[in-house]
Each structure stands twice: as structure tokens, then as C-alpha cells.
K.L.:
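What follows is a single structure, and I will ask about it in a moment.
Numbering of residues begins at 1 and proceeds along the displayed sequence.
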Amino acid sequence: MRMSPTRLATYSDRGKVALAAGAIGYRAAQYMTAEQIATALDYAVSPVQIEEAFRLFEFTPKMLAPGHELVHVSIAGRHRTKLSSEGMNRGLELPDLCAALLGKVVDDDLFAAVLDE
């Protein structure tokens with residue numbers, strides 16, 4: 001079967017996206033935009049291809065609100081489990097619950113109440 005150059009390019013593009021899917025998904029979970037993901041992958045996949053993959057898989061990446069930054073925090077598994085459970089009870093995903101908790105500590109200056117013994 002002979003394919004037209006356009007159709008062959010489409011298959012090639014899908015192949016590149018498929019090979020990069022794990023890296024794209026990981027970076028999307030880090031709240032990176034399609035442009036930021038493409039840059040991180042040295043443009044092995046273009047921002048347009050990444051956005052097409054999002055549409056294909058009906059994935060809507062979350063974006064950070066203006067003025068917000070992603071903070072990586074390591075916590076004990078038992079703490080994560082409790083936080084996750086509390087988040088589910090409140091209808092919040094784990095990152096949203098953690099952000100709300102830390103925001104409340106900062107806004108209400110609760111550092112001493114939480115950290116001092």
C-alpha cells in the first residue's frame with residue numbers, strides 16, 4: 001500500500017508523539033504548557049503536536065493561576081494518605097488541598113500555632 005507524503009507525515013508525527021507520550025504526560029502533570037513541554041523535549045515534538053495529542057486523548061491540562069508557582073514537597077506516605085483522604089472528603093484533589101492548607105497558614109500567620117511545640 002502506497003501512502004501519500006501527507007498521510008505518511010501524519011503517521012510519523014503520531015509516532016513521535018507516541019514515543020514522547022510519557023514525557024509529555026509527566027510534564028503536563030507539572031502544570032507545563034505545550035510550549036514549555038516542547039522546549040523541555042528540545043522540540044522533538046512541537047507545541048502544536050502536543051496540543052493535538054491533548055485533544056486526541058480528551059485531556060485538559062491544568063494551568064497554574066497567575067502569580068502561582070509549583071512547589072515540590074516530599075512527605076511521608078502516611079501523611080499523603082491522610083491528606084488524600086481529607087481531600088476526597090472535601091471534594092478536593094491532593095494538590096488543591098495542600099495549597100489551601102499552606103495558604104491558610106500563611107494568610108492567618110499560623111506558623112507558630114502549627115510548628116511550635
Side-chain angles (χ1 to χ4, degrees):
M1 175 172 117
R2 225 172 123 130
M3 288 192 209
S4 71
T6 304
R7 189 163 182 186
L8 187 57
T10 301
Y11 281 117
S12 174
D13 290 347
R14 286 184 185 163
K16 285 196 296 189
V17 171
L19 289 173
I24 292 169
Y26 172 78
R27 285 171 174 81
Q30 303 302 308
Y31 297 87
M32 292 175 76
T33 65
E35 180 66 37
Q36 291 168 324
I37 294 168
T39 300
L41 298 176
D42 292 326
Y43 288 91
V45 181
S46 74
V48 171
Q49 291 170 315
I50 293 167
E51 290 169 356
E52 287 174 357
F54 289 162
R55 281 191 295 278
L56 177 67
F57 292 104
E58 297 178 0
F59 174 73
T60 304
K62 292 184 178 182
M63 305 309 321
L64 290 174
H68 287 73
E69 286 191 33
L70 187 63
V71 178
H72 298 276
V73 178
S74 176
I75 61 173
R78 64 189 174 93
H79 294 153
R80 186 200 182 289
T81 300
K82 285 184 178 181
L83 286 167
S84 184
S85 177
E86 184 65 26
M88 286 184 358
N89 291 340
R90 294 174 179 269
L92 296 170
E93 292 184 23
L94 182 60
D96 298 325
L97 175 71
C98 291
L101 283 168
L102 290 173
K104 187 72 170 167
V105 167
V106 172
D107 289 345
D108 294 351
D109 197 23
L110 297 173
F111 296 100
V114 173
L115 299 173
D116 294 348
E117 294 186 38

K.L.:
Is L101 close to L83 at the side-chain level, that is, under 4.5 Å between some pair of heavy atoms?
P.N.:
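The answer is yes; the side chains approach within 4.5 Å.
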
K.L.:
Can you tell me how far CE of M63 sits from CE of M32, rounded to the nearest 0.5 angstrom?
P.N.:
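These two atoms lie 9.5 Å from each other.
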
K.L.:
Could you measure the distance from the CG atom of L110 to the CG atom of L102? Nearest 0.5 Å is fine.
P.N.:
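One gets 11.0 Å once the value is rounded to the nearest 0.5 Å.
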
K.L.:
Ignoring hydrogens, what is the shortest heavy-atom contact between R27 and L41? Give both atom names and the distance.
P.N.:
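Nearest pair, atom of R27 first, then L41: NH1-CD2, 3.9 Å.
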
K.L.:
Please check if V73 and L94 belong to a single hydrophobic cluster, counting links between Ile, Leu, Val, Met, Phe, Trp and Tyr side chain heavy atoms closer than 4.5 Å.
P.N.:
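Yes, V73 and L94 fall within the same hydrophobic cluster.
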
K.L.:
Can you tell me how far apart CD (Q49) and CD1 (I24) are? Round to the nearest 0.5 Å.
P.N.:
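The distance works out to 8.0 Å.
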
K.L.:
For H79 and G77, indicate whether the former's side chain and the latter's backbone hold a donor-acceptor pair under 3.5 Å.
P.N.:
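Not confirmed, H79 side chain does not pair with G77 backbone.
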
K.L.:
Please walk me through it: do V45 and I37 pass side-chain contact (heavy atoms from CB on, under 4.5 Å)?
P.N.:
CA-CA 9 Å; V45 181; I37 294 168; over 6 Å; no

K.L.:
What's the shortest heavy-atom distance between L70 and Q30, and which atoms?
P.N.:
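Heavy-atom minimum between the residues: CD2-O, 3.3 Å.
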
K.L.:
For T33 versus Q36, what's the shortest heavy-atom pair and its separation?
P.N.:
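What the structure gives for the nearest pair is N-OE1, 2.7 Å.
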
K.L.:
Measuring from T81:OG1 to R78:CZ, what's the distance to the nearest 0.5 Å?
P.N.:
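Atom-to-atom, T81:OG1 and R78:CZ are 10.0 Å apart.
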
K.L.:
Going by heavy atoms in the side chains, are V105 and L115 under 4.5 Å from each other?
P.N.:
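No; the side chains remain at least 4.5 Å from each other.
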
K.L.:
Atom CZ in R80, atom SG in C98: separation rounded to 0.5 Å?
P.N.:
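That separation rounds to 9.0 Å.
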
K.L.:
At their closest point, which heavy atom of A38 faces which heavy atom of I50, and how far apart are they?
P.N.:
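Shortest heavy-atom separation between A38 and I50 comes out as N-CD1, 3.7 Å.
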
K.L.:
Is it the case that atom CD in E93 sees more than 12 heavy atoms from other parts of the structure closer than 6.0 Å?
P.N.:
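For E93, atom CD is not crowded (no more than 12 foreign heavy atoms under 6.0 Å).
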
K.L.:
Which residues pass the ring-ring contact (aromatic ring centres under 6.0 Å, His included) test with F54, not counting sequence neighbours?
P.N.:
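With sequence neighbours excluded, F54 shows a ring-ring contact (aromatic ring centres under 6.0 Å, His included) to F59, given in chain and number order.
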
